[in-house]
Amino acid sequence: MTSPMKLSDLAASIGAELSGEGSVEVTSCATLEEAQPGQVSFLTNPKYVKLIETTRASAVVVAPNIKSDRVPLLKAKDAYYAFRNAVVALHGFRKHPHAGVHPKAHVDASATIGENSVLYPGVYVGARARIGRDCILYPNVVVYDDCVIGDRVIIHAGCSIGQDGFGHATHRGEHHKIPQTGNAVIEDDVEMGANCSIDRATLGSTVIGKGTKFGNSIVIGHGSKIGPHGLFVALVGVAGSVTIGRHAVVAGQVGIAGHLKIGDQVTIAAQAGVMDNIEDKSIVIGQPAMPAGQARRVYSLFTQLPEIVERMKKLEKLAEKYMDAAKADSETAAAASSDATPPGA
Amino acid sequence: MTSPMKLSDLAASIGAELSGEGSVEVTSCATLEEAQPGQVSFLTNPKYVKLIETTRASAVVVAPNIKSDRVPLLKAKDAYYAFRNAVVALHGFRKHPHAGVHPKAHVDASATIGENSVLYPGVYVGARARIGRDCILYPNVVVYDDCVIGDRVIIHAGCSIGQDGFGHATHRGEHHKIPQTGNAVIEDDVEMGANCSIDRATLGSTVIGKGTKFGNSIVIGHGSKIGPHGLFVALVGVAGSVTIGRHAVVAGQVGIAGHLKIGDQVTIAAQAGVMDNIEDKSIVIGQPAMPAGQARRVYSLFTQLPEIVERMKKLEKLAEKYMDAAKADSETAAAASSDATPPGA
Amino acid sequence: MTSPMKLSDLAASIGAELSGEGSVEVTSCATLEEAQPGQVSFLTNPKYVKLIETTRASAVVVAPNIKSDRVPLLKAKDAYYAFRNAVVALHGFRKHPHAGVHPKAHVDASATIGENSVLYPGVYVGARARIGRDCILYPNVVVYDDCVIGDRVIIHAGCSIGQDGFGHATHRGEHHKIPQTGNAVIEDDVEMGANCSIDRATLGSTVIGKGTKFGNSIVIGHGSKIGPHGLFVALVGVAGSVTIGRHAVVAGQVGIAGHLKIGDQVTIAAQAGVMDNIEDKSIVIGQPAMPAGQARRVYSLFTQLPEIVERMKKLEKLAEKYMDAAKADSETAAAASSDATPPGA
């Protein structure tokens, strides 16, 4: 894809230590199994260590403790990050087919778009919205009026930022719309997958914190505030007025109920249903979401319920036997005591 | 945002009883914690009653039983609805940047659009579709051919109304598309969040009933009929041919299997998996969805499974002891009985 | 909708055996309950067999063993497929309001669009993307650069094909984007509901196999490979690097964790959480997903947990009684043994 690069130059550029011939030229990246000569691969999962012995890659980015006689290694403490940098060096990021606001995008006259931002066809930016610099808004992204997008934000196709939150006052059986007077704020360096929906706040702002990354089809309710540097996988639903701290890891299809406070560095497992506040550094799993240790025990026993109930049935059988025996005993005792009754009584 | 309003006028306009100085001027709304002088706030959750003592708001909408010496109160039986009306009075609803059909929307020549409806850029309305009056279709909403949208309907960005339902006849291992000849009907006063997908029916109509409100990313299968005045939170999936009565409350990420009949005034808790019909006025919770009372007991015990199994282990230990004792007894008895055997037998 | 057709002609065209008067004319299809004279209906679920006695349909497509004196029958081994063919014969598929690429679609100059494909307004096709022949891309579908769409593919409104996968290398608390150098490949005869999101691969391709049908709002992670002829209902989330075999049936809201291998002809029940590889021909249910037999036992006991714990409480009570009795016995025994002690001891 790009011009070839010497291994020695690549090593220098990604901060890796080269073990092997530096003059080898590489042009692109691939997995250990699919790599061809001229390609760089990586090994971060020890499970795949044997593939080093069979890969056709011209070099492999690895952790410092990995050794090989047959393939040049690029050793780095954080091998995954070093490989990422190799991908950047060899492939680079997408070249956009146009600069700035595409004529088929629609930007309200009162909105502002920062320098060097790219808006694809079909993008809509509403009144008074502000888009920072170096942003990429892919086709058909919608940014409602008054919303604020930081710098270097990437929003993939079909996302909607700042639609009205789910606010209705039910009166005499009908739901009356509450004007959603707030906005949505997407801070610097956020990336969002396709078809996400970020509600604007009723009052104030919904906030997606700096550096947070979203997968596809994530829904964030009005007034929620997501801390910086979170990772949210896909199909996650966060209700309204939720606060989530920094460095959250939220797996696919997680649901978080309204008005909760989730601490910093919290990990939430896939499909979990969060119904209570979560403290800093907690890992929670399950529906309802429980601390990981408890959840692992609970789910392990859950899948064994048939065996557990079998064990209980054995106890019940034994209990029946015991009661029969006790009954027999007491009858024997009664008989004995009646036997013991002096004949003349 | 708007021109200031005297508290006495606001009280009159929202049908509240003013306790305090009526000449105070207010301009906007905010939460109790964030409100500044000149802003109106509200209290509907008794949990936050203490904030009345510290809020900087110029007035608070409250239930009739709330008292305060320090801040003017706007008392109303349905305080949340009264506050909603205050937001409407002070903020109003969104002013659209254009009237009617935006030139960057696409409306088929055979479609009809009612008076005063606003279609944003990127909206698509297919052949013979009918949009009522006073509707708002936000950017990139798609209404397929022959679909019908009532009056005062609000559809947020990226929704698709009337795409083909999931209808395929599998024959010899291949899935053959069944023409989806029906349509989708969105009745009056419905509001829909971003990125919802409403299938058209195979035969007949998929119907979203009058006044029903949807959050984001809701999927409704072909031929389903949702009753009037429902509330559906987000990421809900309703399969095909489902009937849901009036005033349903369906929380986030709920799934409802096909061909079911859900009664009136039914509440379904978040992430529930509905696999059976539900009677009127039921509340269901869980996967599989159960009546609320049962579900609360079941889930409470579920999270206690480790303790429950510990208790069972104790019983098992005791049972072992009992069996040992019984064995010992019977051996003793046998010995005793052998002892009792007359020597000369 | 179309010109009338004689039953004898319809029978011939769909390969059914007609039992009844062949000169009857029919014009369209409807359900047994809603059909009017002139309409053809179908019966595939034995549960509805009685409706044959009351339907107003002019003919009913049925399995060969069904009989009726009152309504002409169109008998076919695969009645559902025969009915599907009747719908095709009488209604046909959607007539598009335009041919080829609509002027309001945007196709990059380096992209290629096959013969007879229809691209609706708002569609975006990126650089070097290739769309096959006879495809339909409904409004606002986005196909990113370098992606490949086969022949006869139907993609409904708002889908995004080939956005960047969720790839970030976390280094010193910040998430660094990994260029997603691969693409997404949608093979021949795939149909996709509205608002689906198919990630492009980091390296190589994400693949949706030939003839696979997706419902709405399905998310497929980067590098996953879905086999041919699958059925995926709606709101399904498949993480990255998953392999799914042929003829999968994946119900609504299923989640599949990353790097798993799902075999051929696997069925996954609604809302299941798949955390392990699945063998060919398995049916799995539940969170976590279990083999169907186990899952049915587990969930049946799960919903009975309150009764199960009641049974355990009974055992505990009995155990207490037993222990009291044992204690009393041992006291009696002790007393007896003390009684038995010879006075002079």
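First the proteins, then the strands, lettered A, B, ... as listed; each starts at 1. Since this is a predicted model, take the numbers as computed values, not measurements.
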Engineer: More than 12 non-hydrogen atoms from neighbouring residues, nucleotides or ligands closer than 6.0 Å to CD on Gln36(C), yes or no?
Structural biologist: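 Atom CD in Gln36(C) is packed in, count exceeds 12.
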Engineer: So for Leu318(C), is it side chain, backbone, both, or neither that comes closer than 4.5 Å to the heavy atoms of chain B?
Structural biologist: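 Neither; nothing under 4.5 Å.
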Engineer: Is it the backbone or the side chain of Arg172(B) that comes under 4.5 Å from a heavy atom of chain C, or both, or neither?
Structural biologist: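 The answer is neither part of Arg172(B).
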Engineer: Shorter than 4.5 Å, heavy atoms on both sides: which option in Val254(B), Asp146(B), Thr202(B) has the most such pairs with chain C?
Structural biologist: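 Going by pairs under 4.5 Å, I would pick Val254(B).
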Engineer: Starting at OH of Tyr120(C), measure out to NE2 of His106(B) and round the result to the nearest 0.5 Å.
Structural biologist: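 So the gap between those two atoms works out to 9.5 Å.
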Engineer: If you tally heavy-atom pairs under 4.5 Å against chain B, which of Met323(C), His247(C), Lys213(C) wins?
Structural biologist: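 When all of Met323(C), His247(C), Lys213(C) are compared, Lys213(C) has the most.
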Engineer: Using non-hydrogen atoms only, which part of Phe214(C) is less than 4.5 Å away from chain B: side chain, backbone, both, or neither?
Structural biologist: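 Phe214(C) touches chain B through backbone heavy atoms alone.
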Engineer: Can you give each donor-acceptor pair under 3.5 Å made by side-chain atoms of residues 40-48 of chain C, sequence neighbours left out, with the distance rounded to 0.1 Å?
Structural biologist:
unit_1	atom_1	unit_2	atom_2	d
Ser41(C)	OG	Ala30(C)	O	2.8
Ser41(C)	OG	Leu32(C)	N	2.8
Asn45(C)	OD1	Lys47(C)	N	3.0

Engineer: If you look at every heavy atom in Val236(B) and Gln253(C), which pair is closest and at what distance?
Structural biologist: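 Heavy atoms of Val236(B) and Gln253(C) come nearest at C-NE2, 4.3 Å.
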Engineer: Using only non-hydrogen atoms and a strict under-4.5 angstrom cutoff, which residues of residues 305-314 of chain B touch chain C?
Structural biologist: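 When heavy atoms of chain C are the reference, residues 305-314 of chain B contributes Leu305(B), Ile308(B), Arg311(B), Met312(B) within the under-4.5 Å range.
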Engineer: Donor-acceptor pairs are to be reported for all side-chain atoms of residues 156-170 of chain B against protein atoms at under 3.5 Å, with residues two or more places apart or in another chain.
Structural biologist:
unit_1	atom_1	unit_2	atom_2	d
His156(B)	ND1	Tyr144(A)	OH	2.8
His156(B)	NE2	Glu191(B)	OE2	3.0
Ser160(B)	OG	Gln163(B)	OE1	2.8
Gln163(B)	NE2	Asp199(B)	OD1	2.8
Gln163(B)	NE2	Asn216(C)	OD1	3.2
Asp164(B)	OD1	Arg94(C)	NH1	3.2
Asp164(B)	OD1	Arg94(C)	NH2	2.9
Asp164(B)	OD2	Lys177(B)	NZ	2.8
Asp164(B)	OD2	Arg94(C)	NH1	3.4
Thr170(B)	OG1	His175(B)	ND1	2.7

Engineer: Counting only non-hydrogen atoms closer than 4.5 Å, does Phe302(B) touch chain C with its backbone (N, CA, C, O), its side chain (CB onward), both, or neither?
Structural biologist: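 Contact with chain C is through both the backbone and side chain of Phe302(B).
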Engineer: Can you tell me how far apart CG (Asp189(C)) and NE2 (His176(B)) are? Round to the nearest 0.5 Å.
Structural biologist: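 It is 9.5 Å, given to the nearest 0.5 Å.
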Engineer: Of the backbone (N, CA, C, O) and the side chain (C-beta and beyond), which part of His98(C) lies under 4.5 Å from a heavy atom of chain B, both, or neither?
Structural biologist: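 No part of His98(C) comes within 4.5 Å of chain B.
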Engineer: What part of Ala325(B) is in contact with chain C, defined as an atom under 4.5 angstrom from a non-hydrogen atom: side chain, backbone, both or neither?
Structural biologist: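 Contact with chain C: side chain only.
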Engineer: Would you give the length of the straight line joining atom NE2 of His171(B) to atom CG of Asn85(C), rounded to the nearest 0.5 angstrom?
Structural biologist: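 The NE2 atom of His171(B) sits 8.0 Å away from the CG atom of Asn85(C).
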Engineer: For Ala105(B), which atoms come within 4.5 Å of any heavy atom of chain C: side chain, backbone, both, or neither?
Structural biologist: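 For Ala105(B), backbone heavy atoms alone lie under 4.5 Å from chain C.
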Engineer: When only pairs under 4.5 Å are counted, which of Gln287(B), Met275(B), Glu174(B), Gln271(B) shares the most heavy-atom pairs with chain C?
Structural biologist: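 The residue among Gln287(B), Met275(B), Glu174(B), Gln271(B) with the greatest pair count is Gln287(B).
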Engineer: What part of Leu301(B) is in contact with chain C, defined as an atom under 4.5 angstrom from a non-hydrogen atom: side chain, backbone, both or neither?
Structural biologist: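 Its backbone and side chain both get close to chain C.
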Engineer: For the side-chain contact (heavy atoms from CB on, under 4.5 Å) test, which of Cys196(B), Ser197(B), Ser217(B) pairs with Asn195(C)?
Structural biologist: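 Exactly one option meets the side-chain contact (heavy atoms from CB on, under 4.5 Å) with Asn195(C), and it is Ser197(B).
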Engineer: At a 4.5 Å cut-off on heavy atoms, which part of Tyr322(B) comes close to chain C: side chain, backbone, both, or neither?
Structural biologist: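 Both backbone and side chain of Tyr322(B) come within 4.5 Å of chain C.
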Engineer: So, using side-chain hydrogen bond (donor to acceptor under 3.5 Å, both in side chains) as the criterion, who are the partners of Ser110(B) when residues are at least two apart?
Structural biologist: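 Per chain and number, Ser110(B) pairs via side-chain hydrogen bond (donor to acceptor under 3.5 Å, both in side chains) with Asp108(B).
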Engineer: Heavy-atom pairs under 4.5 Å with chain B are the metric here; pick the option from Thr31(C), Leu231(C), Val233(C), Val88(C) that has the most.
Structural biologist: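 Going by pairs under 4.5 Å, I would pick Leu231(C).
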Engineer: Given that the side chain runs from C-beta out, which part of Lys104(C) has a heavy atom under 4.5 Å from chain B: side chain, backbone, both or neither?
Structural biologist: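 Side chain of Lys104(C) only, per the 4.5 Å heavy-atom cut-off to chain B.
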Engineer: Of all heavy-atom pairs between Thr181(B) and Val87(C), which one has the smallest distance, and what is that distance?
Structural biologist: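 Nearest pair, atom of Thr181(B) first, then Val87(C): CG2-CG1, 3.7 Å.
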Engineer: So which part of Leu315(C) gets closer than 4.5 Å to some heavy atom of chain B, the side chain, the backbone, both or neither?
Structural biologist: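 Both backbone and side chain of Leu315(C) come within 4.5 Å of chain B.
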Engineer: With rounding to the nearest 0.5 Å, note down the distance linking OH in Tyr80(C) to CD1 in Ile178(B).
Structural biologist: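 Result: 3.0 Å between the selected atoms.
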Engineer: Heavy atoms only: give me the nearest Gly122(B)-Asn140(C) pair and the separation to one decimal.
Structural biologist: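 For Gly122(B) and Asn140(C), the tightest heavy-atom pair comes out as O-ND2, 3.3 Å.
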Engineer: Please rank His102(C), Glu34(C), Lys210(C), Gln304(C) by heavy-atom pairs under 4.5 Å with chain B and give me the top one.
Structural biologist: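 Going by pairs under 4.5 Å, I would pick His102(C).
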